[in-house]
Structures are given as C-alpha cells and as structure tokens.
Number of protein chains: 2
Amino acid sequence: MNITIIDVAKAAGVSPSTVSRVISGSTRISAATSKKVKAIMEELGYHPNAMAKNLVSRTTMTIGLLLPRNADEAFLDIFFPEVTRGILSQANRSGYDLLLKTGMTECEKVEAVTKLVKGRRVDGIILLQSRNKDAVVRFLHEEKFPFVLIGRTPEFPDIMTVDNDNRQAAYDVTRHLLQQGHTRIGFVGGPLEMVVSSDRFEGYRSAMQEAGIEPRPDWYHIEASKLKDDGYRVMSMLMGTPERPTALVVMDDLVAFGILSSLSELGYSVPQDMAIFGFNNNPMSPVSSPPVSSVDIGVYQLGFTAAQALVGSLKGQPQERRRTIVPHRLIARESSMHWINPKS
Amino acid sequence: MNITIIDVAKAAGVSPSTVSRVISGSTRISAATSKKVKAIMEELGYHPNAMAKNLVSRTTMTIGLLLPRNADEAFLDIFFPEVTRGILSQANRSGYDLLLKTGMTECEKVEAVTKLVKGRRVDGIILLQSRNKDAVVRFLHEEKFPFVLIGRTPEFPDIMTVDNDNRQAAYDVTRHLLQQGHTRIGFVGGPLEMVVSSDRFEGYRSAMQEAGIEPRPDWYHIEASKLKDDGYRVMSMLMGTPERPTALVVMDDLVAFGILSSLSELGYSVPQDMAIFGFNNNPMSPVSSPPVSSVDIGVYQLGFTAAQALVGSLKGQPQERRRTIVPHRLIARESSMHWINPKS
DNA sequence: AACAAGAGTGCAAACGTTTTTACAAGAGAA
DNA sequence: TTCTCTTGTAAAAACGTTTGCACTCTTGTT
C-alpha cells in the first residue's frame, strides 16, 4: 500500500485538507505549517495519487494525440516523429502528459476518440492532418471538446488550427521553377481528399495559370502511392511522353528520393534532365546526391505551436487567433538548379 | 455533466453494481438484464469514467514509454519512431494506452518516472536503450515496478529485456567484410557507455582478433557525434593515415550517409575506395547511391515484442523467459561489395 | 416437506483526492 | 468590553466507479 495524503496528515498532526492546500500552494496556509508538512512529505516519500486527483478535479493534465491512419503507417514519414517531438516538448514544459492513440479506419478512430472524450481520459486533443470530410473533427466539434487540428478542413473554418499556407508554398515553389526557365512543370501529390494535397495542388495550378500555362493532365497529380510501389515504371512512362515535364513539384522528399533513384536507373540525371523540388525538408535531403531542394514547413514548430495553443485554451486564456499559420521557407539545392551546375 | 453509471442504473431500474457487472461481463448476470442494460447504455450514450475506474481498480491500462535523452534528440533517428510504432501497435491491440515521457537529464528522467510510478499513473514502463549505469533502471528495479528494457544493462542481468544480440551482429558484419578480403577494417560508433555501442564494438573487435588482426587505434571508434559536426574533416584525416582502413563498420545508417557524402566530396568512391556496412536498415538505405549495406535489427519487432512482454507480465502470465533476443539480418548492398561492381 | 446449493441482484464500503463550509482564535476598532 | 475582521485549520461532502457480502428466489436432493 502506498502512502496517502491521510498518512501525511496524521504524521504531521494536521488534517488532509491542510496537506492538500500545502501541495497546491494555497495562500491561506501559515509558513510554519507548510514547512512542517513539506518535511513530512519528503520524509515519507509521499506522491499524490494521480487518479484520485483527476477524478475529483475533473482534469487529467493529459492531452491526446491522434495519429492518422493505420498505426503501421504513422511513422514512415519524417513528419510524424518530428511533429510529435514538437508537441511533446511543449506539453511537458507546461506540465501536460501526452497520450498516443491511433486507429486503422475512420470508424476506429472515432471510437478511440469517443472513449478518450467521454471517458474524460484527456483534457484536449491534437489531430494530425485532415481529410476533407473528417468524422473525428465533426465529432469533437459537436461535443465542443477542446482540440486543435494540425492542418485545416474547409468544412469547419472556425475551429482552432495550426497549419502552413500550403497553397502559397506550392505557388512559391512553382514560381521559383518558372523563374528558372521551366515551362513544363509536373506535380506529384497524394490523394486530393487530403486537404494538404489539394491545397498544394491548387497553389501549383494557380501559379501555372498565372504564367499562362495550362498544365497537361499527364504532368500533374501522379499519385505518390503509385510511385512507391512502382516508381520505375511510372517514371519511365512519364519520361516517354512527347512533351514531358522538365521539372517536378513533389509532395514529400521521401517520394523525391524514390524519383531520384528511378531516374538514375533510367539513365537520366538530376537536375540536368529533370529538376526536382520537394516538401518537408527531410534531414536526408541535404546529403542525397544530388541534394534535394525542399520546402521547410517547420514541422517541429507546427507541433510545438499546436500544443501551445491547446494548452493555452485549456488554461482558459482567450486565444487571440484561432488559426495560426507557421511560415514556410524554400531551400533551393542542387536538384532544382537547372541551368547552372554549381559544381562546375 | 456527463452520464454516470447511476443514471444508467436508474433508467434501467437496476442498481449501479449490476450495471458495472454488465460492463465487465460478469457471468452472474442474466442474459435478459444484460441485454436491457446494454440497450440503455447505448441509448444514453454512456461511457464509463476512466479516472473513477482507475482509482478503484488500481489499474490504469496505460503503459509509459520513456524516451531517451532530450526530447529534442529523441526522434532524429529512425529507431525511435519505428520502435514506438511497434509498441503502440501491440499496446493498442491489448487495450492499453501509451503515455509518452521524456527528460533532458538523467535526473529529470528519474523524477518523471517517479511521478509516473508513485502517482500510479501507469501500470508498467518501457525503457529505451540504456547506459551502463542507468539510474532509471535502478529505481524501477528497487521499486519492483513492472518494466521492460529495450536493450540491456550488465548491472542488472535478470530484469526483463528485449534486445538484439549486438555483439554477434557486429561480429557477423566484420566477418562478412573479412571474407570479402578486407583486413584493415574500422569501426565508427557512439559513446562506449551506451551498452549497444560497447556490445557492437566488442563484436567487431573479437572478429578482428579471431582473424589474427589487431586493429589500429586510429581505425576504430571514431565517435559518430564528431562525424556529424565535422564529417568532412574527420574523414579526410582518416583517409590520410598511412595504412587507412578499406572498410568501415558504422553504428547507424544515418552516420553512413554522412560518411558517404563526405567521401564523395573528397573524391573517393564507395565501395571501390572504401566499403561501408551500416546498422538499423534505414528506409533510405536501399535508394541512396550507392545503396548502403545494413543490419536489419528488427526495430519494429523490438518494440512490438517489448510491449507484448510487458502486457503479458501485467496480466500475470508468467513470462517463460525474461530476456528476449530479436534476430538480426545482414543485408549486403552495393556499399560493401568490394571486388565486384554489380553494375558493370 | 425440509433443506442445500446456486443464480441473480442490491447495499454499502472503499479508492485518495479536492473543495466548500464552518469554526476557532487573535487583532484591531468602537 | 463587545463586535467585526482576518487568518489558519478541520470536517465532511463530493468525484464515479468496483467489489465483498448479504439477501431473495428458484431448483434439485434427501
């Protein structure tokens, strides 16, 4: 049996409520009592039981993090570990714990979140990325449960979100490539029902149209998943089309690495035959050959900011803005330098 | 205010204890009652309060995962996300939640774990990697709190661990390189107070000595951290030594990538001038140029197995063995093929 | 016919806190 | 002196479950 607050109270010759007040630092406790009780607590090695505390205070000091999709896919990309790191760092700093959850299907996820919310297991929830119609977002919104979405969903424009301006980022990348002299630019992305994909696609598209170029359908939105399974064949087909793109905007550096390796096998060289510009600035990108240009979207900061916003709203601080945009930064490396080879 | 078990009991015309028994699936409840109560629960949208349940049952159905070192370093390598994935997958499958914790210093970690244990916040703990003298291991061992260590520590040989046979793995790699005809083989590792580093170093060394070669001090144990900061200079010095190694055993593929890029800058080519064999089989390793040979240590399985062992022991199942070894697998790729260039 | 066994359910006591309310003692003001 | 504030502490009521014990019916056994 563990030491309880009652044991401490007895040993100190005070009531449990006094001990409780000492712990919470109430002002209405005399310095002498406080000191004495603290000494006893130290001596007995007392630690308050978290569950009892949570039960009566109706607070858990825990935030839940819902990982997207299947647990088995959740960590393949650098995005998830990095954003988790940011969240954990800020949460711990504010005295909150982090509870990881995941679900294979949409339905499983809703169920998991329901348990968390209705079971009062967590005080708030952080969601990663969002589909256009996200059942979890809808549920939390209906329940009026505190949560923040990393990403955004057009269906609920007024929920708390932390996001990049993905449209602008893709626009910037495309502009960059256009300025390098490219006109036939392709786009490799994920499924369009993911908001991040459609945002980036839209940015790409609007930059192209603004430049007076109507991209051909076989240039854009080559599904990244297809590339993963069958990169070699997809790339050889793409390179075989009559007016093939000379540059590609790629949703993620990992996919870019795959393209790099496929192109190399096919005997093409980057950036001479094809310029590549990726996203997410993978730590490998600077040391691949050639180094891959990428958009640093501040993944860590995304997580950090989300946790900060959530904790702030849990503490009842009125959040000045519900939507936070984390700035992005284009990092041009060798893979997108079309006309000049920096090594020569 | 949320629906409680009492509300359900009233609506169903039974006592709270009956409802409780229906939830826990007690055998001593008639089918009719069970059905009726379940219908009411569904209708009212009742979910049991986790904290109340935990308090009285003295169980949290949560396992804590202590991430090594600073939160900020925890996820840099592929190891941590991958092992977390394995743990989360198995934990969720067994109905357990996962609580992430971290601490900057050894002291902070002990404090965090103490709170978790004494505050009865979790039922068991999983530890990642271990130093030779690990204060957290010592604490948990003293407290007799259920935990499993991924890795091992010589100080406590009888605690529950899940580990690779790192000595054997490094031995195998070194033997492999020796069989390829290399005699001057170097070793790049982490600090020797990490058990995983010293185990691998020992395996390397014993393979060399068995082959009748005494490795020169400037060949081995080049600290990986130095390489990260200053890879180019360290490599150029190494390549300048009179009897420089022709092959390197490298603690982690990430470090291998750095070496690859340094060597390429210095004008050396891999594997012609230097063979490289890494560890941890990073997903990037097959697509780097050249593809990096690596030891697949089954990181996911390490996590999965650890969670399985912990949950098993929490359920009171006597664990048949306290020490589990996850098998490793050498994957030879181009970076270690010294004599034959597979492309030619 | 009486009794034992067992199935099904309710009562009430935990679990270890926080928090509201009440109260005692001492200090200053009338 | 008496009254009103403060200041410090105690008592007791939650919080929402689980669970040991007791009780009431059936049903089968002697």
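In what follows, chains carry the letters A, B, and so on, assigned in the order in which the sequence lines appear, proteins first and then strands, with residues in each chain numbered from 1.
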Exercise. Could you tell me which non-hydrogen atom of B/F145 sits nearest to which non-hydrogen atom of B/G124, and how far apart they are?
Key: CE2-CA, 3.7 Å
Quiz item: Rounded to whole angstrom units, what separation is found between the CG atom of A/N2 and the P atom of C/dC15?
Solution: 12 Å
Quiz item: Looking at A/S20, does any N or O in its side chain come under 4.0 Å of the phosphate oxygens OP1/OP2 on C/dT18?
Solution: yes
Exercise. Whole angstrom is fine here: how far is it from NZ in B/K118 over to C1' in C/dG16?
Key: 16 Å
Practice problem: Could you pick out which residue, A/P48 or B/S26, lies toward the 5' side of DNA chain C when each is mapped onto its nearest nucleotide? | Solution: B/S26
Self-check item: Pair A/T62-B/R121, side chain to side chain donor-acceptor pair (under 3.5 Å): steps then yes or no
Solution: CA-CA 11 Å; A/T62 306; B/R121 199 77 220 276; 2.6 Å; yes
Quiz item: Strictly by modelled atom types, are B/S17 and B/S20 linked by a side-chain donor-acceptor pair under 3.5 Å?
Solution: no
Quiz item: Starting at NZ of A/K115 and ending at P of D/dT17, how long is that distance when rounded to a whole Å?
Solution: 15 Å
Quiz item: Any chance the side chains of A/T161 and A/R323 put a donor and an acceptor closer than 3.5 Å?
Solution: yes
Quiz prompt | Distance in angstrom units between B/I5 CD1 and D/dC15 C1', rounded | solution = 14 Å
Quiz item: What integer distance in Å separates A/N49:CG from D/dT17:C1'?
Solution: 14 Å
Quiz item: For the pair made of CZ in B/R58 and C1' in D/dT17, what is the distance, rounded to whole Å?
Solution: 13 Å
Quiz item: Is the shortest heavy-atom distance from the side chain of B/T153 to the side chain of B/I159 under 4.5 Å?
Solution: yes
Quiz item: In this structure, which one of B/V37, B/D7, B/I23, B/N2 forms a side-chain contact (heavy atoms from CB on, under 4.5 Å) with B/Y46?
Solution: B/I23
Quiz item: Taking CE from B/M61 and P from D/dT17, how many angstroms apart are they, rounded to a whole number?
Solution: 17 Å
Quiz item: Can you tell me if the side-chain N/O atoms of B/R120 get under 4.0 Å from OP1 or OP2 in C/dG16?
Solution: no
Self-check item: Summary of protein contacts for nucleotides 7-14 of chain D, nucleotide by nucleotide, where a base hit scores B, a sugar-phosphate-only hit scores S (4.0 Å, heavy atoms)
Solution: BBBBB--B
Exercise. Please report, rounded to the nearest Å, how far the C1' atom of D/dT17 is from the CG atom of B/N54.
Key: 10 Å
Quiz prompt | Exercise: identify the closest heavy-atom pair between B/V195 and B/R152 | solution = CG2-O, 3.3 Å
